[in-house]
Amino acid sequence: MSSRPAPQIGFSFEYLMWIFTRISGLVMYLLAFVGLVMAFWMGAHQQVDIGALARWTFFPNPNHVTNTNIPDVTLGWSNAWWQVMEMLIFLFAVTHGMNGVRVIYEDYIGNTWGRALGRGIIFLLWIFLLIVGIYVILAS
Amino acid sequence: MALKRNVGLKGIKYRGGGPMLAWALHRISGLAIVLFVGLHVISSFFMQQLGSDIATALNTVYESIYFQFIVIFIVLFHALNGLRVIILDLWPQLIKFQREATWLQWLIFIPTYGMTVTIMILNQLQGG
Amino acid sequence: MEVTLKIFRYNPESGKKPHYEKYTVEAEPTDRVLDLLEYIKGNFDGTLSFRRSCAHGICGSDAMRINGQNRLACKLLVKDLHGAQITVEPILGLRVIKDLIVDMEPFFENYRSVLPYLINDEPAPKKERLQSPEERERFDDTTKCILCACCTTSCPSFWVNEKYVGPAAIVTAHRFIFDSRDRGAAERLKILSGQFGVYRCHTIFNCTTACPREIEVTQAIGEVKKAIGTGSLE
Amino acid sequence: MSNYHQFDVIVVGAGGAGLMAALYASKTANTAVISKLYPTRSHTGTAQGGVGAALGNEGEDHPDWHTFDTVKGSDYLGDQDAIEFMCHEAVPAVYELEHMGLPFSRTEDGLIAQRPFGGHTNNITGKPVRRACYAADRTGHMILQTLYQQCIKNDVNFFDEFQVLDVLIENGAAAGVVALELANRELHVFHAKSVIFATGGHGRIWEITSNAYSYTGDGPAALLRRGIPMEDMEFFQFHPTGIYRMGILITEGVRGEGGILVNDKGERFMEHYAPTVKDLASRDVISRAMYLEMRDGRGINGKRYLYLDMRPETVNRYAALDGRKRPDGSPYVVTGEELLSKLPDIVDFARTYLGVDPVAQPMPVQPTAHYAMGGIPTNMYGEVVIDEANTVLPGLYAAGECACVSVHGANRLGTNSLLDLIVFGKHAGLRAAEYANGASFQTLPADPLEYANQQLDQILHSDGEEKVYVIGHEMKSVMFDEVGVFRTQEGMQKALEKIGELRERLKRVRKPDMGKVFNTELLDIWELGNLLELAEVTTVSALARTESRGGHAREDYPKRDDVNWLKHTLAWKRNGNIELGYKPVVITKFQPKERVY
């Protein structure tokens, strides 16, 4: 009956983080799926060790498959492709997780000062974890 | 003088049912995963660079089958519950089926987790 | 049948700590919990205090926690509770003033913060503004809200932070955002996309279960989230 | 004095009339609303079916038809100038509500939807017309919400949970009110130039009632104690369809959508009592018919209830028999889903309180005390008039159910209550602000709190054996039996004696809650005092009126008597006694004739 203008609203930080959480969740599903399929393809089906398989699925790092019977671990998988895969899933996981911590923290915190402090600490922790994690990935 | 605003433990006793339980578990499992992954990354760093004993001990704990039972429970639940929430959030018109969604989630979770645990126990027995 | 009510009691003037008291009454299965409270007040203890008015679920005065769930005492019959003991407590997350009476002001403050009125500065026609039945149906569910606070005070996010506007305020905002006659959607969505807006909702569904008017509260919140993200009011 | 407030206009009560008045008064004057409930808890919210206005959106209709129907519905006791004013103001008032955002249901063309209601007719054919503008079956709820929202938008001052105990009248003009803050039992003086009473009705006098616990006639009782008369108190409406034993209202809209009343034999008995409009006759006619059916043993299983049947098969069968058509001319056929969508709350009530699914089973109903036609006498601008000559008391206004304009006369038509609220609420607000802007504050008495304190002290010092709960029940029971749908000299005498006895016993209630914080027991006792006052006025007024008219039906005087009784009752409380006076009815266009539906 009446046409009304679509609301023009700028993206808020809360919205961006909310949608990121959902998208990163889906992305991790995708990456984990790739990891799982590749693990099977590369020999996990010969000897199913669920623990190793799970670790492989989420973080395809040679360190995570050391106790499988598949030989030449480091040779086959220490390549740039897997390092990128692992870095991607690590990046999404840590960001998703640290944002989750932020959301939980901010549920409780009403004042602006406390919020800024919390955000600062969580941000530093996030950066720290990323650096350490990427270092470990590159160094292994 | 009115009483102070204080929910505390009374909130836990609120009869919110399945979805509230799922939310609480989602939070707890999320925090647990952050803790687990964070410590694991840091300990990996120490083990890799310094060969630290504490880090090695921690990794031994991580690799124990009992710890894996817990971790798999947490991760699988968080992932499945997260998927339910994502679907309902992105398609609000499906929210009218939220009660069914919670049931469906458990319907998927219980056999998947049960099967995983069974295989792990069987493997352990064979290996041991 | 005989029913025992275990009622939360607190009187700021008595010097006593909050406690529970039990009253045993003879009840018909079709009695409302409110009828039992009236009976107890009239016959056992006149100091028992609670709000009530219409007694049939429209005015929203008597929201309380009955057997651990937010309900209207006037919309809950004894036969639907299946049990000889009924626990009655004030709703959570608002300050208890006396017995089952809580301070509703923070709740109404949140309600007022979402611009709960039609915004349209265009000159009105002589007759009604037109609206198709479909456009009217779009926000029908959320017009049912009686502001009883059952939803908001069942929400864990509100329990831990009363600055969260809460489900009831979002339901009200939804009622206007999706009203084809309203022009204030952008302003309201901006408020609701802020720190204490819709993103404090974690789809826990306690609000939907608690609503005595059977409003799909979480769905309304979801639609507001979607409108913020897409900028579309479909 | 910290508890002293000054406003140009004070509105007492925050229902539809109070909020409407506040909204209009606040445009030009400093206005505050005092209410014993949060505004959204007011009883307006429970009104279901619709607000009457001859918009003609669904078939031909005219404000003049509406005027005649209202006059006829009032059994010719309504003041015709005021009725005409209201029915013509109805149309712009409804559009105004729509512009404020009220979510009316809609027609296919996007117009405000309208449904038939009892007593609304095409004046030429006598057939029902669609005049009730509705928002599903929660029209009152939507009006209350919309008005409260507008008050928030316009920054109206609210004093929520303040109970007005006394009105101050100085030098023959209103000076303010005294109110009790429920949160701490402190008294406040509100000094004002204009005071608008919009406190609602007093249906809690009766046992089976659709009215809220808070409907205790506080405003009229406070004014009665200060020497203001009450008009036409003998006329109280009993709505035909209340849920059996609970009194919760099932809207007339159910019959508007085609529901019918049946007795134990499965007969549609209204055919015998109102051959033309049958189940859509006016409320007094149907309530009496139901009583007669039940008295003759045709209640369901011989009990005191009948069935209201809105199952689609029943609706369609009788609609076909009546030859009922939709506005486009096609035969009227409904489905269960359609009924569910038009009457969702009724379905909910029936399921919750009766355990009955109304589209599958009939609902047990009985007449329920519903609406006070009488109240504080006012003219059509909301100004309170205090004698037979309609002398205005400056600065004092009343609107809504507590007022008697009188547009409802001896019986109110469905949907005219919401209309009354918005039209007279608005005009009372406008008049009050206009008066306040040209007047100065009256000087307050030396101790403005004296009378209020006196009333509270009497209750707080009480130390007897009586229970307020028991006294209340005895009053309700005797009033429902003896001053209910049918009345007799003997029965009313008995009721009057009982009321006297109960008033004495109320002075000896057991020691009440002495607390200061939310002392609701103190209020319960005070409110019961109000109800007893009004029960007495009602009974005395009814005893004197030796005729049957509208809501006042006497078995010993079954005929309407226009020669002796075409006049309004005025009742004063003087020295502890009720004194009666009478004033003429305003008749303009419609000479009284026999009322047939």
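What you see is a predicted model, and the numbers here were worked out from it, not measured in a lab. A, B, ... follow the sequence lines: proteins, then strands. Residue 1 opens every chain.
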Is the shortest side-chain heavy-atom distance between [X] and [Y] below 4.5 Å?
| X | Y | value |
| --- | --- | --- |
| B/R99 | C/T208 | yes |
| C/H202 | B/H26 | no |
| C/E89 | B/K10 | no |

With a 4.5 angstrom heavy-atom cut-off, could you sort out which part of [X] is near chain B: side chain, backbone, both or neither?
| X | result |
| --- | --- |
| C/P106 | neither |
| C/E162 | both |
| C/Q69 | both |

What distance do [X] atom [atom1] and [Y] atom [atom2] have between them, rounded to the nearest 0.5 Å?
| X | Y | atom1 | atom2 | result |
| --- | --- | --- | --- | --- |
| C/Q219 | B/Q98 | CD | CD | 10.0 Å |
| B/I95 | C/T203 | CD1 | OG1 | 7.5 Å |
| C/C155 | B/M20 | SG | CE | 10.0 Å |
| C/N206 | B/Y14 | CG | OH | 5.5 Å |
| B/L90 | C/K226 | CG | NZ | 9.0 Å |

Go through [options] and name the one with the most non-hydrogen pairs under 4.5 angstrom from chain B.
| options | result |
| --- | --- |
| C/K98, C/E223, C/K225 | C/E223 |
| C/L94, C/I204, C/I101 | C/I204 |
| C/N70, C/V102, C/V160 | C/N70 |

Between C/P156 and B/W23, which heavy-atom pair has the shortest distance, and what is it?
->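 Distance-wise, the nearest heavy atoms are CB-CH2, 3.5 Å.
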Under 4.5 Å heavy-atom distance to chain C, tell me which part of B/L94 shows up: side chain, backbone, both or neither.
->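 It is neither, since no heavy atom gets under 4.5 Å.
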[X] [atom1]: over 12 foreign heavy atoms closer than 6.0 Å:
| X | atom1 | value |
| --- | --- | --- |
| B/W103 | CH2 | no |
| C/K79 | NZ | yes |
| B/F46 | CZ | no |
| B/L21 | CG | yes |

Judged by atom type as modelled, is there a donor-acceptor pair below 3.5 Å linking the side chain of C/R95 to the main-chain atoms of B/R5?
->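 Pair absent, no side-chain N/O of C/R95 close to backbone of B/R5.
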